[in-house]
Amino acid sequence: MGNTTQINLALQSYESRSRPASVERLINCYVQPLPQESSFPYIVTGTVGAKVWKDLDLVDPIYGFNQMGSDLYVVSGLTVLKIDSNKNITTLGIMADLPNRVMMTNNGTHVGILTEAGNLFLADTTTLTQVTDVDYQLAESVTNLNLYFILAKQNSFQFFLSDLNDATSYGATQVSSVENNSKPLTAMLSNNLEVWAFKEDVISVLNNDGNYS
């Protein structure tokens, strides 16, 4: 295991009573140590401030959101919402199983919403549907690369792909495995034209050679 470094976060939020002295508010800041020869041991470094873009006024918690084009897709409880660039909200549909967490990705046509149960729901600009293809398998994670949805099968070493630019369709031959002599896949993430396959004990980096056997 690699070395770890403790990050000392500022635990309080406050602002100065005197606006001429300081108009800044301490929020989302962290403490940075200075070199030993410095007059002060630490400085407080700020990050980008928080500003409300849209208050959805929701009762259910937000489990995830994903941007596709100029629209933002939001999962709130069982409900999937679309928010356009003018902040107009459209309810796309209700998912069949309550997510305690979701993973989301998109291929430019569909936003994929993978629930903790392993079901995949697809949202577009007007509708929400569940993937029912016979070759779809309950999945642990979902990512997208080169217009393919890539999903890790639950409790296995295998991952499978959607058809090209069609997240509704899956082929029985578009399945492969990652180091089946180690522990099962926990997540897959596309990065820089590669797919990173995460397990409890190892991380493998894959590229697309067109071979799924």
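The first residue of the sequence shown is numbered 1, and numbering continues consecutively from there. Both backbone and side-chain heavy atoms feed into the values below; hydrogens, waters and symmetry mates do not.
- Residues forming a side chain to side chain donor-acceptor pair (under 3.5 Å) with Gln154 (at least two apart in sequence, or on another chain): none.
- By the 4.5 Å heavy-atom criterion applied to side chains, Thr90 and Leu81 are not counted as neighbours.
- A donor atom on one side chain and an acceptor atom on the other are not found under 3.5 Å apart for Thr105 and Thr143.
- At least one side-chain heavy atom of Trp196 sits less than 4.5 Å from a side-chain heavy atom of Ile203.
- The OG atom of Ser177 sits 6.5 Å away from the CD atom of Gln158 when rounded to the nearest 0.5 Å.
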**Report entry** Step-by-step side-chain contact (heavy atoms from CB on, under 4.5 Å) determination, Lys153 to Leu185
**Finding:** CA-CA 8 Å; Lys153 182 182 176 181; Leu185 285 166; over 6 Å; no
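- Note that CD1 of Ile150 is 11.5 Å distant from CG of Asn107, once rounded to the nearest 0.5 Å.
- The pair Arg101-Glu140 meets the salt-bridge criterion, since a charged nitrogen lies less than 4.0 angstrom from a carboxylate oxygen.
- Rounded to the nearest 0.5 angstrom, Lys199 NZ and Phe157 CZ are separated by 6.0 Å.
- At distances below 3.5 Å, not a single donor-acceptor pair connects side-chain atoms of Thr91 with backbone N or O atoms of Gly93.
- Between Gln137 and Tyr170 there is no side-chain heavy-atom pair separated by less than 4.5 Å.
- The shortest non-hydrogen separation linking Ala96 to Gln130 is CB-OE1, 4.1 Å.
- Taking the side chain as every heavy atom from C-beta outward, Asn155 and Pro184 never approach each other to under 4.5 Å.
- Looking at heavy atoms from C-beta onward, Leu92 lies out of side-chain contact with Thr79 at the 4.5 angstrom threshold.
- No more than 12 heavy-atom neighbours from other residues, nucleotides or ligands sit within 6.0 angstrom of CZ on Phe65.
- Between the Glu116 side chain and the Val102 main chain, no donor and acceptor come within less than 3.5 Å of each other.
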- Mind running side chain to side chain donor-acceptor pair (under 3.5 Å) on Asn119 and Asp97 for me, showing each step along the way? CA-CA 8 Å; Asn119 295 310; Asp97 51 292; 3.2 Å; yes
Report task. Determine, step by step, whether Met188 and Leu206 satisfy the side-chain contact (heavy atoms from CB on, under 4.5 Å) criterion, reporting the C-alpha distance in whole Å, the side-chain angles of both residues, the deciding distance to 0.1 Å, and the verdict. Result -> CA-CA 10 Å; Met188 302 191 75; Leu206 315 174; 4.0 Å; yes
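- In this structure, Asp84 contributes its side chain and Asn86 its backbone to a donor-acceptor pair below 3.5 Å.
- The CG atom of Leu58 sits 4.0 Å away from atom OG of Ser76, with the distance rounded to the nearest 0.5 Å.
- Met68 has its side chain out of reach of Thr109: every pair of non-hydrogen atoms, C-beta onward, lies at least 4.5 Å apart.
- With hydrophobic clusters built from ILVMFWY side chains whose heavy atoms lie under 4.5 angstrom apart, Phe121 does not share a cluster with Leu72.
- Residues Ala167 and Val131 approach most closely at O-CG2, 3.7 Å, considering heavy atoms.
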Criterion side-chain contact (heavy atoms from CB on, under 4.5 Å) on Leu151 and Tyr136, from CA distance to verdict: CA-CA 9 Å; Leu151 301 101; Tyr136 176 82; 3.9 Å; yes
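- Nearest approach of Leu145 to Ser190, heavy atoms of both residues: CB-CB, 4.1 Å.
- Val142 and Leu122 fall within a single hydrophobic cluster, where Ile, Leu, Val, Met, Phe, Trp and Tyr side chains are chained together by heavy-atom contacts under 4.5 Å.
- You'll find the side chain of Met104 reaches within 4.5 Å of the side chain of Val75, heavy atoms only.
- When the side chains of ILVMFWY residues are joined at heavy-atom separations under 4.5 Å, either directly or via intervening members, Tyr63 and Leu128 end up in a single hydrophobic cluster.
- In plain terms, the two heavy atoms of Val80 and Ala123 that are nearest each other are CG1-CB, 4.2 Å.
- Ile83 and Val59 fall into different hydrophobic clusters, defined by Ile, Leu, Val, Met, Phe, Trp and Tyr side-chain heavy atoms under 4.5 Å apart, directly or through other members.
- We find the CG-CG distance between Asn146 and Leu193 to be 6.0 Å, quoted to the nearest 0.5 Å.
- For the side-chain contact (heavy atoms from CB on, under 4.5 Å) with Leu120, the qualifying choice from Leu114, Thr115, Thr132 is Leu114, the only one to do so.
- Nearest heavy atom pair, residue Asp71 against residue Ser85, reads OD1-N, 4.4 Å.
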Under the side-chain contact (heavy atoms from CB on, under 4.5 Å) criterion, do Leu189 and Phe198 qualify, and how do the steps go? CA-CA 8 Å; Leu189 177 68; Phe198 293 85; 4.0 Å; yes
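- Trp53 and Val74 fall within the same hydrophobic cluster, defined by Ile, Leu, Val, Met, Phe, Trp and Tyr side-chain heavy atoms under 4.5 Å apart, directly or through other members.
- The shortest distance between side-chain heavy atoms of Thr125 and Tyr73 falls below 4.5 Å.
- The side chain to side chain donor-acceptor pair (under 3.5 Å) check on Asn66 picks up Asn106, with sequence neighbours excluded.
- Going from atom NE2 of His110 over to atom OG of Ser162 covers 10.5 Å, rounded to the nearest 0.5 Å.
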